[in-house]
Amino acid sequence: MPRLYINNLSVEVERGTTVLEAARWLGFPVPTLCHADGLAPYGACRLCVVEVQNARGSKLLSACTLPAEDGLVVFTHSERVERARKLLLELYVATCPQSKTIQDLASRYGIRQVRLAPAWEDCIQCGLCVRMCEQQMMAGAIGFAYRGPKRRVARPFDKTSERCRQCGACLYICPVCELRCHGRQAETTLCSGCLNFAPACLDFHDHAMCYLDPCLACELAGPHRQDLLLPGRIGRASSGKDKGELP
Amino acid sequence: MSERGRLRTAKDLDGLAAEGLRTLYPAQPKVLVGAASCGRAAGAAGVLGAAQEEVARLGLAWRVAETGCIGWCSQEPLLDLWMPGHGRVSYGRVKPADARRIIRAAASGKPDLRQALAWMAGDENPCTAVHTPYTRGSNGWFIGLPEYAELPMFARQARIVLRNSGIIDPTSLEEYAARGGYRALLRALTELQPEDVLREVTLSGLRGRGGAGFPTGEKWRRVREAAGNTKYVICNADEGDPGAYMDRAVLEGDPHSVLEGMAIGAYGMGAREGVIYVRAEYPLAVERLRTAIEQAERVGLLGDDIFGSGFSFRVRIVRGAGAFVCGEETALIASVEGHVGEPRPRPPYPAQQGLWGQPTCINNVETWANVPVIILRGGAWYASVGTERSKGTKVFSLVGNVRNTGLIEVPMGITLGEIVEQIGGGAREGRTIKAVQIGGPSGGCIPAEQFHLPVDYESLVQAGSIMGSGGLVVLDTGNCMVDVARYFLEFLEEESCGKCFPCRVGTQRLREMLSRICAGQGTEADLALLEDLCWVVRETSLCGLGQTAPNPVLTTLRYFRHEYLAHVREHRCPAKVCRELITYFIEPTLCDGCHACVQVCATEAILGEKKAVHRIDNSKCIRCGACLEVCQPKAVQVI
């Protein structure tokens with residue numbers, strides 16, 4: 001059984017375990033977009049990169065494809081890893097601003113600015129749908145076509161394959177079409193859904209679909225959060241003082 | 001080739017070599033035409049045909065043969081004449097009519113030395129370490145011609161990998177044997193244990209010539225020690241860097257050297273099967289390899305029980321479909337297996353799990369071609385060439401804005417300045433060299449101030465570039481460094497397989513930003529973002545393509561930041577290359593009204609009557625530069 005070190009914690013895992021599994025087992029949250037339990041690791045989204053130390057220095061490797069080996073020294077949240085993830089997420093939001101999954105991750109990683117113009121892509125080519133179709137649904141009805149900037153998920157000859165049972169598993173697992181983010185701010189491309197609501201905080205809306213964590217709108221509002229609250233409405237989070245000022 | 005049985009002993013090989021010597025240095029004169037792809041592109045096929053016709057017409061018993069690339073690209077097509085007792089002479093820029101004239105003159109006993117470039121005094125053979133003079137010290141017929149070794153372009157070269165290229169007929173197994181070919185394999189199989197082979201290669205200090213420079217001996221040891229009975233060796237001949245053609249030259253000029261190297265490696269590592277992955281865009285290389293494999297199989301140099309040692313080795317050719325990324329080893333393996341050529345993360349390394357999940361050793365053409373010499377001369381001899389950590393020689397294709405372009409092989413440790421100034425002959429008329437782009441699209445630009453740097457793996461990495469597979473593009477004051485970076489990013493964006501996100505999207509965004517800067521629409525904030533993007537693409541990409549893709553941007557930003565700043569601050573292109581930032585105009589005091597520019601202008605943007613001063617209508621001008629080239633009094637200018 002290989003013994004490795006993750007963030008200076010020693011852990012013994014079964015042979016064949018990946019570093020991602022070991023890190024998550026220890027409770028370190030490693031973000032991923034192209035990983036799903038039950039599907040073969042793919043290593044394409046690169047969000048799960050971790051810093052691996054060796055004799056010659058250290059390098060970033062994707063945790064989902066890295067087999068846990070004896071004596072491996074891994075850091076899941078080093079400065080270098082965090083910088084890489086932040087820049088990757090900035091690139092992800094700029095590519096696919098309408099993905100709520102990506103907006104949530106970006107918010108959690110403190111992305112407050114996207115310096116690139118939005119591309120409004122509908123696909124980040126994480127390959128989850130392709131692997132889902134092939135490995136879980138045993139259909140293999142979709143795959144990748146073309147190369148580089150032209151590469152895309154495609155059906156054979158762009159016609160629905162007779163192997164496709166229209167089970168919808170591809171839609172279910174897609175991190176982009178699963179939940180759409182509709183509340184982007186024009187200047188930053190970042191979700192600020194609640195700013196579109198009145199009052200501007202989701203604390204006041206029981207049935208809102210979107211719920212960023214942490215809520216960017218509230219953070220953006222900062223000390224002026226109170227100003228976002230429209231007069232005449234009572235919210236769960238509002239204080240008694242607000243209530244007293246009601247007409 | 002006469003029918004011959006299987007080779008079993010050293011004596012059999014001697015017989016083969018003796019036969020080769022008879023065609024290599026025949027008693028009758030011989031005509032050689034450099035007819036590798038490069039020569040053919042320059043018209044060598046016509047020259048070859050004319051030479052054959054002329055020899056037949058005159059009823060001469062001369063041999064007319066093809067040979068590989070000798071590396072003197074700027075003089076192609078090259079025709080060589082071997083005159084027994086007088087040595088060998090090379091003629092440059094030969095047209096079919098010239099070939100006929102040269103042969104007629106030689107047949108009549110009066111040499112024609114027009115177009116003659118240089119004289120070859122003897123045969124320097126790195127395999128056998130024997131120098132065979134062609135003549136007794138005098139250049140007989142060829143008086144007044146410089147010797148090859150005296151030419152600045154060749155004086156500094158050391159040809160180990162290119163030992164046979166341009167010397168032998170690549171379709172002749174006998175001529176390869178005559179130059180010490182398959183001696184190393186014989187020695188390995190009859191005198192050395194596999195362990196000894198590995199020891200010699202480790203001792204030689206040979207490092208991967210594909211670019212990354214991994215120690216070859218170490219890689220071989222890992223494959224040898226990996227668990228499993230089935231192992232593979234692969235020759236990576238998927239050379240794809242723009243302007244680089246080292247591997248093609250070796251495959252077209254000396255295919256047996258690669259086969260022999262692979263067989264020796266397979267013996268050392270315990271493999272029985274080899275694959276040569278060669279790009280389909282190299283049809284001549286594929287043809288040469290096919291011929292070589294057939295020849296070697298026929299005499300038992302490939303196949304079962306080679307030299308009666310019990311060792312068996314077979315090689316097959318797999319043609320790549322033209323994806324740059326398939327030069328990456330895991331993508332190459334996927335492609336050989338019939339999958340889409342996309343890389344997978346390492347570890348596991350191919351040495352652990354490669355082709356069909358078995359331990360696999362992948363080396364590139366140049367690395368394999370070095371192996372026979374190492375085995376024959378010993379690792380210690382090989383290690384005596386080069387620097388402390390980079391041993392041996394490196395082949396470069398020297399191209400760009402330099403006087404002598406060509407395929408060169410230099411000892412490691414030679415400085416960039418020596419390559420550019422001595423071998424390359426320095427800048428072209430009226431220009432100044434400002435940088436070299438080394439290592440292909442994954443490499444970087446090294447400025448002229450750094451030309452004291454020695455060519456070795458570590459120095460180049462420190463300067464922000466990599467050794468790469470051997471592209472060396474010389475850039476001068478007429479090149480815009482932002483434009484150069486944009487060109488390479490455009491290439492990489494196209495060639496990225498698209499599997500991993502940072503490489504696919506990152507190269508795309510980088511190219512977009514560079515295009516914007518070239519168009520004068522960039523800002524200084526863009527430069528910071530450019531650096532951030534480069535960093536993340538380099539750090540997080542899945543394979544070597546993405547990890548090195550930002551190098552052209554990073555090195556130009558590091559050494560030529562002032563050019564970027566001129567673009568973003570002043571919206572000016574210092575090299576006057578970026579079309580959106582330049583304007584053509586005609587200096588009225590210089591214009592003699594010759595009308596030449598009007599005739600070449602495709603958009604009718606130049607106004608003016610003959611004998612009167614012309615002017616350019618900038619609303620129509622597309623800044624193609626056609627007028628600039630034809631203007632004799634240099635009245636057309638760019639600002």
Side-chain angles (χ1 to χ4, degrees), chain A residues 18-19 33-34 40-52 54 58-69 72 80-81 83-92 94-96 102 113-117 119 121 123-127 143-153, chain B residues 321-326 330-331 339-349 352-353 489-513 516 523 525-526 528-543 545-547 549:
Chain A
T18 64
V19 168
L33 279 172
C34 74
Y42 192 52
C45 79
R46 313 308 290 170
L47 270 183
C48 70
V49 285
V50 291
E51 190 167 351
V52 179
N54 58 28
S58 67
K59 54 183 170 182
L60 299 186
L61 293 171
S62 51
C64 67
T65 55
L66 185 63
E69 273 169 26
L72 209 60
R80 193 167 159 200
V81 170
R83 181 175 177 215
R85 283 188 194 144
K86 278 188 174 178
L87 284 166
L88 275 176
L89 281 167
E90 191 178 339
L91 208 48
Y92 269 114
T95 309
C96 255
I102 290 170
Q113 180 202 6
V114 174
R115 292 168 289 176
L116 296 147
E121 302 264 347
C123 179
I124 53 165
Q125 304 195 17
C126 63
F144 283 106
Y146 305 105
R147 185 181 74 203
K150 295 198 193 82
R151 188 179 189 256
R152 59 183 172 86
V153 175
Chain B
F324 179 68
V325 72
C326 286
T330 57
H339 300 293
V340 177
E342 288 177 358
R344 61 158 178 78
R346 304 173 302 176
Y349 289 91
Q352 304 159 297
Q353 278 175 41
L489 261 291
E490 212 167 62
F491 175 84
L492 289 161
E493 179 197 5
E494 275 290 304
E495 292 297 338
S496 161
C497 75
K499 177 176 175 177
C500 82
F501 179 79
C503 179
R504 183 184 69 244
V505 178
T507 52
Q508 201 176 334
R509 294 287 184 152
L510 283 173
R511 196 263 307 148
E512 282 171 13
M513 290 178 69
R516 264 211 313 279
T523 60
D526 280 349
L529 180 55
L530 210 56
E531 274 171 336
D532 273 354
L533 270 181
C534 285
W535 186 85
V536 76
V537 172
R538 191 184 68 199
E539 290 282 325
T540 63
S541 286
L542 195 162
C543 80
L545 191 153
Q547 285 161 10

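Numbered from 1 within each chain, the chains take letters A, B, ... in sequence-line order.
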Inset, instruction - Counting only heavy atoms closer than 4.5 Å, note whether T65(A) contacts chain B via side chain, backbone, both or neither. - result: both
Legend entry - F501(B): partners by ring-ring contact (aromatic ring centres under 6.0 Å, His included), with sequence neighbours left out: Y92(A)
Inset, instruction - Can you tell which part of L533(B) gets under 4.5 Å to a heavy atom of chain A, answering side chain, backbone, both or neither? - result: side chain
Legend entry - Portion of T507(B) that has a non-hydrogen atom of chain A nearer than 4.5 angstrom: neither
Legend entry - Heavy-atom contact with chain B under 4.5 Å, split by part of P67(A): side chain
Inset, instruction - Just give me the residue among A117(A), C64(A), C45(A), C126(A) that pairs up with chain B most often, heavy atom to heavy atom, under 4.5 Å. - result: A117(A)
Legend entry - Criterion salt bridge (Lys or Arg N to Asp or Glu O under 4.0 Å) on E90(A) and R509(B), from CA distance to verdict: CA-CA 12 Å; E90(A) 191 178 339; R509(B) 294 287 184 152; over 6 Å; no
Legend entry - L87(A) side chain near W535(B) side chain, heavy-atom distance below 4.5 Å: yes
Inset, instruction - Please name all residues satisfying ring-ring contact (aromatic ring centres under 6.0 Å, His included) with F491(B), sequence neighbours left out, ordered by chain then number. - result: F324(B)
Inset, instruction - Under 4.5 Å heavy-atom distance to chain B, tell me which part of R83(A) shows up: side chain, backbone, both or neither. - result: both
Inset, instruction - Check whether any side-chain heavy atom of L61(A) lies under 4.5 Å from a side-chain heavy atom of P345(B), and answer yes or no. - result: no
Inset, instruction - For the residue pair E121(A) and T95(A), confirm or rule out a side-chain donor-acceptor distance under 3.5 Å. - result: no
Legend entry - SB check E342(B) K499(B) (cutoff 4.0 Å): no
Legend entry - Portion of K59(A) that has a non-hydrogen atom of chain B nearer than 4.5 angstrom: side chain
Legend entry - Top of R346(B), Q508(B), E494(B) for chain A proximity - count of heavy-atom pairs under 4.5 angstrom: E494(B)
Inset, instruction - Go through the steps to decide whether R80(A) and E51(A) satisfy the test salt bridge (Lys or Arg N to Asp or Glu O under 4.0 Å), and finish with yes or no. - result: CA-CA 7 Å; R80(A) 193 167 159 200; E51(A) 190 167 351; 3.6 Å; yes
Inset, instruction - Would you mind checking which part of L66(A) comes under 4.5 Å of any heavy atom in chain B, side chain (CB onward), backbone (N, CA, C, O), both or neither? - result: side chain
Legend entry - Polar side-chain atom of E531(B) near backbone of A528(B) as donor-acceptor pair, under 3.5 Å: no
Legend entry - Between D526(B), D532(B), V536(B), the one whose heavy-atom pairs under 4.5 Å with chain A are most numerous: D532(B)
Legend entry - Under 4.5 Å from a heavy atom of chain A, the part of A323(B) involved: both
Inset, instruction - Side chain from CB out, backbone as N, CA, C, O: work out which of these in L33(A) comes under 4.5 Å of a heavy atom of chain B, or both, or neither. - result: neither
Inset, instruction - Measure distances from R151(A) to the heavy atoms of chain B and classify the residue's part below 4.5 Å as side chain, backbone, both or neither. - result: side chain
